[in-house]
Amino acid sequence: MQLSEQELVRREKLGKLRALGINPYPADLFPVDHTSKQIKSDFEDGKQVIIAGRLMAINIQGKASFAQLQDSEGRIQLYFNRDEICTGEDKSKYNDVFKKLLDLGDFIGIEGTLFTTQVGEKTVMVKNFKMLSKALKPLPIPKQKDGKTYDAFTDPEQRYRQRYADLAVNPHVKEVFVKRTKLFNAMRQFFNDAGYFEVETPILQPIPGGAAARPFTTHHNSLDIPLYMRIANELYLKRLIVGGFDGVYEFSKNFRNEGMDRTHNPEFTAMEIYVSYKDYNWMMDFCEQLLEHCANAVNGTSEATFGEHKINFKAPYKRITMRDSILEFTGFDIYNKSEDEIRTAAKGMHIEVDETMGKGKLIDEIFGEKCEGNYIQPTFITDYPKEMSPLCKEHRENPELTERFELMVCGKEIANAYSELNDPIDQRERFEHQLKLAKKGDDEATEFIDEDFLRALEYGMPPTSGMGIGMDRLIMFLTNNQSIQEVLFFPQMRPERKQVDLSDNEKAIFEALKAEKRMDLNILKSKSGLSNKGWDKGLKGLGKHGLTKVEKTDDGLFVELV
RNA sequence: GACCAGUUAGCUCAGUUGGCAGAGCAUCUCCCUUUUAAGGAGAGGGUCCUGGGUUCGAGCCCCAGACUGGUCACCA
């Protein structure tokens with residue numbers, strides 16, 4: 001591995017520290033008793049503090065210096081005065097260890113007392129400091145002045161691949177993840193207060209059910225069977241309702257082997273909750289209360305900004321049926337229309353349709369194309385066509401519809417809920433219908449029948465309402481991020497390219513030259529068999545590695561091994 | 001998968017008709033005891049994403065590829 005100049009310098013400092021008897025990576029605990037935030041909030045002149053963190057700025061002014069120390073809660077200024085640190089004759093701890101051997105990014109521990117500088121900055125007067133961990137690689141630290149940031153570490157590729165560096169230097173990035181955890185905690189608290197029970201269900205499943213998506217497959221060696229990473233946990237949570245729990249919920253890491261883009265990562269987090277003896281009307285009330293609570297817990301207000309939109313999560317939310325929505329935005333009433341009539345209408349709206357699309361799918365296309373994008377404020381869309389909701393109970397008034405709602409925010413779905421289908425015979429028929437759709441070429445239809453799930457339903461599942469919430473999408477809305485990668489610590493990336501030592505070009509020239517030690521440049525060039533550019537790069541590369549030297553004489557140019 | 005943009009020093013970025021590779025910060029040396037993007041003087045640091053082509057000569061032009069971002073397609 002090739003090290004940069006700055007990395008080499010830091011490795012040298014490591015050796016110098018050890019030569020002075022200082023362990024750059026000590027094992028013993030450091031007795032921290034304050035954070036940067038506590039120092040500022042409970043400031044008291046002359047108070048003794050012990051703090052630790054990362055050096056983020058150093059400003060040496062001769063016999064006294066200033067520095068910024070960053071801990072988990074922010075930054076605090078340090079004042080290093082030579083005679084405060086080195087009270088005796090020996091000034092080497094200040095002159096050598098502090099001034100020459102510490103670098104930006106190093107973790108140090110500080111014992112000191114508090115004071116305020118002439119310009120009014122709350123500061124720790126360092127009495128003693130200890131190296132806690134040396135940073136061998138320079139951090140990309142931005143600079144601030146007058147609220148403007150200079151040299152910000154902004155390249156998305158590097159930020160995602162090196163999230164540790166991103167978090168260390170970009171406080172606003174850390175804030176997003178703090179809010180993410182606040183959201184999970186708030187939601188968990190809301191459910192627990194309502195008396196519902198957090199559970200865990202299998203991630204490795206023999207049949208990937210509960211959604212239509214391509215799964216990741218793996219293999220269990222002892223059982224010698226294929227297993228699938230879950231695409232949803234719905235069917236397992238319903239089994240628990242069959243088992244007698246009143247309300248169960250799970251934060252579920254799901255995996256879908258599909259495309260990646262701004263709003264899709266191969267693994268993502270859904271929250272699913274199932275509550276017995278309820279229906280989807282109750283769930284709408286519950287959902288709007290939940291989201292208002294969560295928005296307040298995360299941002300201190302029910303209002304949120306997302307791009308150019310201001311959204312308000314304060315309950316209640318508008319409710320509209322899919323039929324009315326389509327009627328409103330297209331003037332077309334899907335009620336009592338045949339599949340062909342709807343297909344013709346869709347064509348008239350310039351929507352791409354084909355013969356494999358059933359009635360439900362056609363309606364969904366119309367809604368997606370013409371209606372969905374209009375819902376900026378949280379809105380419940382209700383009563384979806386039966387065909388596209390195989391796990392949802394038939395509507396109590398219209399057998400072509402289901403008791404389903406989706407919550408739309410800024411034109412995107414963030415929640416999906418049903419009065420759950422608990423009729424085992426109806427459920428089997430729906431699965432079989434899906435199978436037919438799949439065979440017809442609908443790649444969204446489910447192609448597995450989970451017999452064990454049907455057996456569970458046959459034992460009897462109470463009337464139940466269930467809801468799923470896309471947690472990544474929700475936190476995107478609450479933190480105003482347009483990309484899912486900004487709300488996942490480690491979004492999936494393509495593997496980085498490996499670095500090579502000697503390039504092929506360099507090797508070819510080196511091999512040709514090895515026997516002769518010294519050759520005419522043009523003869524060597526033809527012997528190496530390289531293209532002009534390959535030759536040029538190769539020879540320059542060898543020179544850079546210090547392996548060859550080019551010599552100019554009256555007889556021409558010669559290359560020799562060094 | 002398609003199209004567009006990008007890839008140059010540790011970071012953020014310039015780079016002229018194709019003619020020795022540039023700046024600020026960071027790094028190194030020196031001065032400086034309440035500064036705050038501290039300041040002053042000096043120095044070092046490069047696989048210009050990779051490979052091929054055109055050319056006397058390519059960071060720059062052409063072709064192919066890699067990676068990233070964006071838009072679209074796909075996606076319960």
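First the proteins, then the strands, lettered A, B, ... as listed; each starts at 1. Atom set for the values below is all heavy atoms of this structure, side chains included, hydrogens, waters and symmetry mates excluded. Quick caveat, the model's predicted, so the values are computed rather than measured.
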Nearest-nucleotide 5' precedence on RNA chain B, Glu369(A) against Glu406(A): Glu369(A)
Taking the side chain of Thr123(A) as its heavy atoms from C-beta onward, which of G69(B), U35(B), C11(B) lies nearest to it? U35(B)
Against the side chain of Gln61(A), the closest entry in G70(B), G69(B), A38(B) is A38(B)
Should the pair Glu486(A)-Arg159(A) be classified as a salt bridge under the 4.0 Å nitrogen-to-oxygen rule? yes
Who is the Watson-Crick or G-U wobble partner of C72(B), with both distances under 3.5 Å? G1(B)
Nearest whole angstrom, please: distance from the C1' of C32(B) to the CZ of Phe80(A). 18 Å
With a 6.0 Å cut-off on ring centres, are Phe405(A) and Tyr418(A) close enough? no
Testing U35(B), U33(B), C32(B) for proximity to the side chain of Arg82(A), the answer is U33(B)
For RNA chain B, determine which residues of residues 255-271 of chain A have any heavy atom closer than 4.0 angstrom to one of its atoms, and list them numerically. Arg256(A), Glu258(A), Asp261(A), Arg262(A), His264(A)
Hey, is Lys393(A) close enough to Glu420(A) for a salt bridge, meaning N to O under 4.0 Å? no
Which nucleotide, in any strand shown, forms a Watson-Crick or G-U wobble pair with C28(B), with both distances under 3.5 Å? G42(B)
Scanning all shown strands, the Watson-Crick or wobble mate of U17(B) with both distances under 3.5 Å is none
Are Glu250(A) and Arg230(A) close enough for a salt bridge, meaning some N to O gap below 4.0 Å? yes
Could you check whether the side chain of Glu121(A) and the base of U35(B) have a donor-acceptor pair of N or O atoms closer than 3.5 Å, going by distance alone? no
Calculate the interatomic distance between Tyr160(A) atom OH and G69(B) atom C1'; express it in whole Å. 9 Å
Distance check: side-chain N/O of Arg161(A) vs OP1/OP2 of U68(B), anything under 4.0 Å? yes
In whole Å, measure the gap between the P atoms of U17(B) and G10(B) for me. 28 Å
P gap between U47(B) and G59(B), integer Å: 14 Å
Partner of U34(B) by Watson-Crick or G-U wobble geometry, both contacts under 3.5 Å, or none? none
Measure from the side chain of Ser483(A), starting at C-beta and using heavy atoms only, and say which of U35(B), G70(B), G69(B) lies closest. G70(B)
Using whole Å, what does the distance between atom P of nucleotide C13(B) and atom CD of Gln158(A) come to? 11 Å
Expressed as a whole number of Å, how far does the P atom of G65(B) sit from that of C25(B)? 42 Å
Just the rounded figure in Å: distance from C1' of C75(B) to CD of Glu365(A). 11 Å
Between G45(B) and G6(B), how many Å separate the two P atoms, rounded to a whole number? 30 Å
Within the structure shown, what part of the strands sits under 4.0 Å from Gln485(A) by heavy-atom distance: base, sugar-phosphate, or nothing? sugar-phosphate
Annotated protein contacts, base or backbone, on nucleotides 20-29 of chain B with a non-hydrogen cut-off under 4.0 Å, one of B, S, - each: ----BBBSS-
Of the non-hydrogen atoms in Arg473(A) and His264(A), which two are nearest, and what is the gap between them? NH2-NE2, 3.7 Å
Please give, in whole Å, the distance from C75(B) C1' to Lys412(A) NZ? 13 Å
What nucleic acid atoms does Phe153(A) come within less than 4.0 Å of, heavy atoms only: base, sugar-phosphate, or nothing? sugar-phosphate
Can you check the distance between C60(B) and A41(B), where both ends of the measurement are the P atom (answer in whole Å)? 36 Å
Which part of the nucleic acid, if any, lies within reach of Gly210(A) when heavy atoms closer than 4.0 Å are counted: base, sugar-phosphate only, or nothing? base
5'-most contact on RNA chain B (nearest-nucleotide basis), Asn81(A) vs Pro390(A), goes to Asn81(A)
How far does the P atom of A21(B) sit from the matching atom of U16(B), given to the nearest Å? 14 Å
For the C1' atoms, the ones on C11(B) and on G52(B), what distance do you get once it is rounded to whole angstrom? 32 Å
Is there a Watson-Crick or G-U wobble partner for A9(B) with both distances under 3.5 Å, and which nucleotide is it? none
Can you tell whether the side chains of Asp106(A) and Arg54(A) come within less than 4.0 Å, N to carboxylate O? no
Does Lys361(A) pair with Glu387(A) as a salt bridge, N-O distance under 4.0 Å? no
Pair Glu234(A) + Lys238(A): basic N to acidic O under 4.0 Å: yes
Describe, in one word, how the ring planes of Phe66(A) and Tyr79(A) are oriented to each other, choosing from parallel (under 30°), tilted (30 to 60°) and perpendicular (over 60°). tilted
Using whole Å, report how far CG of Asp155(A) lies from C1' of A9(B). 15 Å
Measuring only the P atom in each nucleotide, how far is G53(B) from A58(B)? A whole number of Å is fine. 12 Å
May I ask you to decide whether Lys63(A) forms a salt bridge with Asp83(A), counting only side-chain N to carboxylate O separations under 4.0 Å? no
Ion pair check, Arg10(A) and Glu12(A), cut-off under 4.0 Å: no
Let's see if you can work this out: which of U33(B), A76(B), U68(B) has an atom nearest to the side-chain heavy atoms of Ala211(A)? A76(B)
How would you label the contact of Phe115(A) with the nucleic acid (heavy atoms, under 4.0 Å): base, sugar-phosphate, or nothing? base
Provide, to the nearest angstrom, the distance between the NZ atom belonging to Lys145(A) and the C1' atom belonging to U12(B). 18 Å
Only pairs with both distances under 3.5 Å count, Watson-Crick or wobble alike; so what is the partner of C60(B) in this structure? none
Ignoring backbone atoms, establish whether Gln118(A) has a side-chain N or O less than 4.0 Å from OP1 or OP2 of U36(B). no
Are Tyr160(A) and Phe490(A) close enough that their ring centres sit under 6.0 Å apart? no
What is the distance, rounded to the nearest whole Å, between atom CG of Leu78(A) and atom C1' of A38(B)? 16 Å
Partner nucleotide of C49(B) by Watson-Crick or wobble geometry (both distances under 3.5 Å): G65(B)
Electrostatic pair Asp96(A)-Lys91(A), nearest N-O below 4.0 angstrom: no
